[in-house]
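Position 1 is the first residue of the sequence, and the numbers go up from there.
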Amino acid sequence: MQIDWWTLGLQTVNFLIVIWLLSRFLYRPIRRIIEEREAADKAASDAAKDKLEEAQAVRRTYEDKTAQLAAERQEREADFHKSLEAEKDKRLEAARKEAAQLLTDARAKIEEDKHQALQSLKQQIEALATDLARVALRGPCRLPETLAQVQAHLDGLAQGDLDTLKVDLQAKDAAMTVMTAHSLSDEEKAAWNACLSKYFGADVAVVFTEKAEILGGAELHFPHAALRFSVADRLKRAAQALEL
């Protein structure tokens, strides 16, 4: 077999040219594309890694902030509860002090009322003792004093109450009874009539009667009411006050 070196050389050159052409126009662009893709993948991977690290940093920041807010909330809640407890204790203490002051004031008022009541009772007893002494000596209580008491009482009556007494005397055959422990003279009866007519009219019917049991003073009896200014009634009221 005979080798054609010329042909072999040409084929070799053609092969080398083909290899060069392939390397120049095919392999290099493909390698460049592969390198560019690898570089793009690496860049994308690096970017994704950076984004992941950034996301993790954001998550850690969020968790730290959440933990900080939770701690601050718990601290505020604790402070709020402390403030509530302090306010409650303050109000309870104020209420205790107010209650104690009210109790002290009430006791002082009771003592003052008791003292005034005892003083009033003492004065009543002294007046009663004087009246009883007069009765024991068979001397009736002075008429001007009793009339003054009656007049002061009628002056102090409300107009409605006075009108009620007047109406009570307007019934047919109605009369006012003036009861005393001793019989009255004509002059004393005239004084009573003059006093009563100022309040109930000049035509009011007045009947005078005596009852030793009232001890002294006088009582005014209406058809459905009575005004008592007698020593016996004052003794009764003094005894009731002593029972209280």
Side-chain angles (χ1 to χ4, degrees), residues 23-128 149 152-165 167 224-229 233-244:
S23 175
R24 179 72 177 81
F25 296 104
L26 181 60
Y27 295 149
R28 287 182 181 178
I30 291 175
R31 190 183 305 114
R32 186 171 57 254
I33 292 173
I34 292 173
E35 290 176 352
E36 290 176 354
R37 183 167 296 175
E38 288 177 349
D41 291 342
K42 185 176 183 304
S45 177
D46 292 341
K49 184 178 180 181
D50 293 340
K51 290 293 183 183
L52 179 60
E53 291 177 353
E54 183 179 351
Q56 290 177 345
V58 171
R59 180 175 60 82
R60 286 193 297 270
T61 301
Y62 172 77
E63 291 176 350
D64 293 341
K65 190 67 175 177
T66 301
Q68 181 181 358
L69 290 175
E72 291 177 356
R73 184 178 65 251
Q74 291 178 353
E75 184 177 357
R76 286 196 300 270
E77 288 177 354
D79 293 340
F80 179 70
H81 287 303
K82 289 180 181 179
S83 177
L84 283 180
E85 288 296 325
E87 183 65 21
K88 182 183 72 174
D89 294 340
K90 180 180 178 181
R91 293 192 177 186
L92 285 174
E93 183 62 24
R96 282 194 291 267
K97 290 182 178 179
E98 184 177 359
Q101 185 61 42
L102 288 174
L103 182 59
T104 301
D105 293 343
R107 287 174 176 171
K109 185 67 168 60
I110 291 173
E111 288 297 324
E112 181 181 356
D113 292 344
K114 179 181 177 182
H115 177 72
Q116 291 179 354
L118 289 175
Q119 288 296 113
S120 176
L121 185 59
K122 180 181 177 181
Q123 293 174 358
Q124 292 180 28
I125 291 174
E126 290 176 352
L128 285 172
Q149 292 177 8
H153 181 80
L154 293 176
D155 286 339
L157 280 180
Q159 187 60 44
D161 295 335
L162 188 60
D163 290 340
T164 300
L165 294 176
V167 171
H224 300 94
L227 300 178
R228 292 180 172 86
F229 307 91
D233 184 69
R234 290 163 64 188
L235 283 171
K236 181 179 178 181
R237 285 188 279 112
Q240 292 174 347
L242 288 174
E243 290 177 358
L244 296 175

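With respect to R96 and E93, a salt bridge is recorded, a charged nitrogen being found less than 4.0 Å from a carboxylate O. Taking 4.0 Å as the cut-off between side-chain N and carboxylate O, E111 and R107 do not count as a salt-bridged pair. Between E87 and R91 a salt bridge is recorded (basic side-chain N to carboxylate O distance below 4.0 Å). Ion pair K42/D46 flagged as a salt bridge, since at least one NZ, NE, NH1 or NH2 atom sits closer than 4.0 Å to an Asp/Glu carboxylate oxygen.
Here the CD atom belonging to Q159 is positioned 4.5 Å from the CG atom belonging to D163, to the nearest 0.5 angstrom. In this structure, CD in E63 is found 7.5 Å from OG1 in T66, a value given to the nearest 0.5 Å. Separating the CG atom in L84 from the NZ atom in K82 is a distance of 13.0 Å, to the nearest 0.5 Å.
At a cut-off of 3.5 Å, with distance as the only test, no side-chain donor of D64 or Q68 sits close to an acceptor on the other residue.
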Would K109 and E112 count as a salt bridge (charged side-chain N to carboxylate O under 4.0 Å, His left out) here? Give the steps. CA-CA 5 Å; K109 185 67 168 60; E112 181 181 356; 5.6 Å; no
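By the salt bridge (charged side-chain N to carboxylate O under 4.0 Å, His left out) test, D161 pairs with no residue at all, sequence neighbours left out.
Counting heavy atoms from C-beta on, the side chains of D50 and E53 come closer than 4.5 Å.
With hydrogens and angles ignored, the 3.5 Å screen pairs a side-chain donor or acceptor of T61 with a backbone N or O of A57.
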